[in-house]
Amino acid sequence: RSRILVSIGESFGTSEKFQKINQMVCSSDCQLKRSAEVSAPPKPLKRL
Amino acid sequence: AQECQNLEVRREKQKRIERIKQKRAQLQDLLLQQIAFKNLVQRNEQNEQQNQGPPALNSTIQLPFLIVNTSKRTVIDCSISSDKFEYLFNFDNTFEIHDDSEVLKRMGMSFGLEAGKCSVEDLRTAKSLVPKALEGYITDMSAGFSWVNQGLLSSSA
Amino acid sequence: RHWLLEKELQELQAAEQQLDELIQMCTVQLRLLTEDPANQQYPLVGGQDGAGWAYVTCQDLRSVVDPSEEMVMVVKAPPETLLQVSDPEEAFQVSLRSTQGPIDVFLCPED
């Protein structure tokens with residue numbers, strides 16, 4: 001099953017490993033499945 | 001035999017071109033992080049001089065950090081070990097995780113270079129924050145030039 | 001044709017090697033910058049380039065989300081802390097495990 005393990009706490013500027021996590025968590029299928037039950041998913045971060 | 005040799009060399013050439021593109025994108029990202037970090041430190045110093053001192057300690061978050069953001073209506077069930085070495089979070093809704101370099105970019109600390117939108121003034125400041133030999137990469141980024149999906153030789157860098 | 005291909009390949013080889021050196025240089029610079037003690041404490045009076053300290057404020061964090069809609073949890077973890085995200089089809093679960101010290105987690109206050 002897909003689960004992701006990353007090491008954190010390193011110095012500033014780690015790679016974009018979180019993009020993969022965010023895509024996995026918000027991927028359409030689980031979102032579709034869950035949106036029926038709970039409120040709307042978080043809005044993506046704003047860009048100033 | 002010569003045709004076969006040429007095919008080999010052509011394949012090796014294509015692989016090398018792909019690697020060069022990825023490495024240029026990696027270099028651009030490193031430069032963005034360097035600019036964002038230096039810009040943040042300079043901003044904090046200017047703020048402290050204006051405010052005659054640092055902000056309240058409990059309102060500042062030292063780098064490196066992560067943020068997890070989710071809807072306000074999300075219920076988070078959190079278990080913590082007594083020594084605070086282990087945490088377990090269960091969300092009832094989706095969430096996003098971002099590291100500090102992503103937050104700085106969203107704060108505009110890299111002058112919008114990553115989106116290819118940078119004013120002339122900001123471009124000058126950004127260039128002053130990186131080694132001279134690398135200014136060409138900053139110019140490319142400000143022109144909205146990203147290595148990941150571009151041709152190889154068409155850039156000032 | 002073969003000679004020309006070989007020549008192009010050598011040029012690419014040189015370009016790639018130069019990039020490796022630049023990436024290495026920037027990686028070291030970034031590490032020196034972010035781990036520079038001056039950036040961790042109060043600014044040194046008249047410090048070197050990059051003096052001051054590297055922090056964001058809660059206000060900064062609120063500026064990158066929609067505070068009326070979102071909440072932001074901040075995680076400060078020691079190096080080599082493991083973050084695990086489980087399969088979202090099973091649960092929206094995040095676990096943190098440190099071996100080098102306690103982990104700090106707090107919610108960014110709304111105001």
Side-chain angles (χ1 to χ4, degrees), chain B residues 2 5-6 9-10 12-13 16-17 19-20 23-24 26-27 30-31 33-34 37-38 40-42 44-45 48 54-55 59-72 74 76 78 80 83-95 97 100 103-104 106-107 131 133-134 152, chain C residues 1-2 5-6 8-9 12-13 15-16 19-20 22-23 25-27 29-30 33-34 39-40 42-43 49-61 63-65 68-77 83 85 88 91-99 101-105 108-109:
Chain B
Q2 278 174 354
Q5 256 189 348
N6 284 354
V9 177
R10 227 171 267 130
E12 172 57 24
K13 183 182 159 194
R16 212 172 276 277
I17 285 174
R19 277 206 309 269
I20 285 176
K23 288 180 177 178
R24 280 182 167 167
Q26 184 187 355
L27 183 59
L30 277 168
L31 288 170
Q33 288 168 27
Q34 191 174 134
F37 186 90
K38 285 183 172 179
L40 175 78
V41 168
Q42 284 182 3
N44 289 340
E45 278 195 293
E48 287 175 21
S59 73
T60 59
I61 296 117
Q62 199 77 33
L63 268 61
F65 64 86
L66 290 186
I67 66 167
V68 180
N69 70 294
T70 182
S71 161
K72 261 176 132 173
T74 301
I76 306 173
C78 173
I80 309 174
D83 59 4
K84 289 176 71 176
F85 275 49
E86 291 193 48
Y87 285 71
L88 181 64
F89 298 100
N90 274 299
F91 296 76
D92 74 346
N93 189 4
T94 55
F95 55 85
I97 302 178
D100 38 26
V103 170
L104 293 199
R106 304 291 171 126
M107 287 166 55
L134 295 165
L152 187 61
Chain C
R1 252 185 317 151
H2 185 72
L5 275 171
E6 289 286 2
E8 284 171 354
L9 200 58
L12 289 171
Q13 213 153 351
E16 185 173 10
L19 274 170
D20 289 336
L22 290 175
I23 287 171
M25 178 183 81
C26 286
T27 305
Q29 277 182 347
L30 193 61
L33 200 58
T34 51
N39 285 332
Q40 302 307 319
Y42 279 84
D49 175 36
W53 51 329
Y55 61 79
V56 297
T57 62
C58 292
Q59 201 173 341
D60 290 325
L61 293 187
S63 68
V64 296
V65 296
S68 63
E69 292 282 315
E70 304 276 292
M71 63 173 135
V72 179
M73 190 158 67
V74 182
V75 177
K76 281 283 297 169
L83 175 143
V85 179
F92 288 131
Q93 192 175 77
V94 174
S95 67
L96 299 170
R97 182 169 307 136
S98 160
T99 53
I103 303 169
D104 264 342
V105 177
C108 182

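Given the structure is predicted, the values throughout are model-derived calculations rather than measurements. Chain naming here is simple, since letters A, B, ... match the order of the sequence lines and numbering starts at 1 in each.
- Using a 4.5 Å cut-off between heavy atoms, B:I80 does not touch chain C at all.
- Interface remark: of the candidates B:R16, B:R19, B:E12, B:K13, B:R16 forms the most heavy-atom pairs closer than 4.5 Å to chain C.
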>> If you apply the rule side-chain contact (heavy atoms from CB on, under 4.5 Å), what do you find for B:I67 with C:V75, and how did you get there?
In response: CA-CA 6 Å; B:I67 66 167; C:V75 177; over 6 Å; no
>> C:L96 vs B:F89, test: side-chain contact (heavy atoms from CB on, under 4.5 Å). Steps then yes/no.
In response: CA-CA 9 Å; C:L96 299 170; B:F89 298 100; 3.8 Å; yes
>> Please determine whether side-chain contact (heavy atoms from CB on, under 4.5 Å) holds for the pair B:N69 and C:M71, giving the CA-CA distance in whole Å, both sets of side-chain angles, and the decisive distance to 0.1 Å.
In response: CA-CA 6 Å; B:N69 70 294; C:M71 63 173 135; over 6 Å; no
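- When side chains are defined from C-beta on, B:I76 does not count as touching C:F92, because their heavy atoms never get closer than 4.5 Å.
- Side-chain atoms of B:Y87 come within 3.5 Å of backbone atoms of C:I103 as a donor-acceptor pair (strictly under, hydrogens ignored).
- Heavy-atom distances place the side chain of C:L19, and not its backbone, under 4.5 Å from chain B.
- In this structure, OG in C:S63 is found 6.0 Å from CE in B:M107, a value given to the nearest 0.5 Å.
- For the pair C:M73 and B:L66, the minimum side-chain heavy-atom distance is 4.5 Å or more.
- A pairwise comparison of heavy atoms in B:P131 and C:M25 identifies CG-CE, 4.0 Å as the closest pair.
- Taking CG of C:L12 as the reference point, atom CD1 of B:I20 lies at 4.5 Å (rounded to 0.5 Å).
- Looking at B:D83, only its backbone comes within 4.5 Å of chain C, counting heavy atoms on both sides.
- A donor-acceptor pair under 3.5 Å links the side-chain atoms of B:N44 to the main chain of C:Y55, judged by distance alone.
- Put simply, CG on C:L22 and CD on B:Q26 are 11.0 Å apart, with the number rounded to the nearest 0.5 Å.
- Taking CG from B:L30 and CD from C:Q29, the interatomic distance works out to 9.5 Å, rounded to the nearest 0.5 Å.
- Looking only at side-chain heavy atoms (C-beta outward), B:V103 and C:L61 come within less than 4.5 Å of each other.
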>> Let's go through C:E69 and B:K72 carefully: what are the C-alpha distance in whole Å and the side-chain angles of both, what is the deciding distance for salt bridge (charged side-chain N to carboxylate O under 4.0 Å, His left out) to 0.1 Å, and is it a yes or a no?
In response: CA-CA 6 Å; C:E69 292 282 315; B:K72 261 176 132 173; over 6 Å; no
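- For B:L27, the parts sitting under 4.5 Å from any heavy atom of chain C are the backbone and the side chain alike.
- Ranking B:N6, B:L88, B:T60, B:I97 against chain C, the residue ahead of the rest is B:N6, based on heavy-atom pairs under 4.5 Å.
- Between C:E70 and B:T70, every side-chain heavy-atom pair lies at or beyond the 4.5 Å cut-off.
- For the pair C:K76 (side chain) and B:Q62 (backbone), a donor-acceptor distance under 3.5 Å is present.
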> Can you check side-chain contact (heavy atoms from CB on, under 4.5 Å) on B:Q5 and C:H2, steps first, answer last?
Replying inline: CA-CA 8 Å; B:Q5 256 189 348; C:H2 185 72; 3.5 Å; yes
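- The environment of CD in C:Q59 is sparse: at most 12 heavy-atom neighbours from other residues, nucleotides or ligands sit within 6.0 Å.
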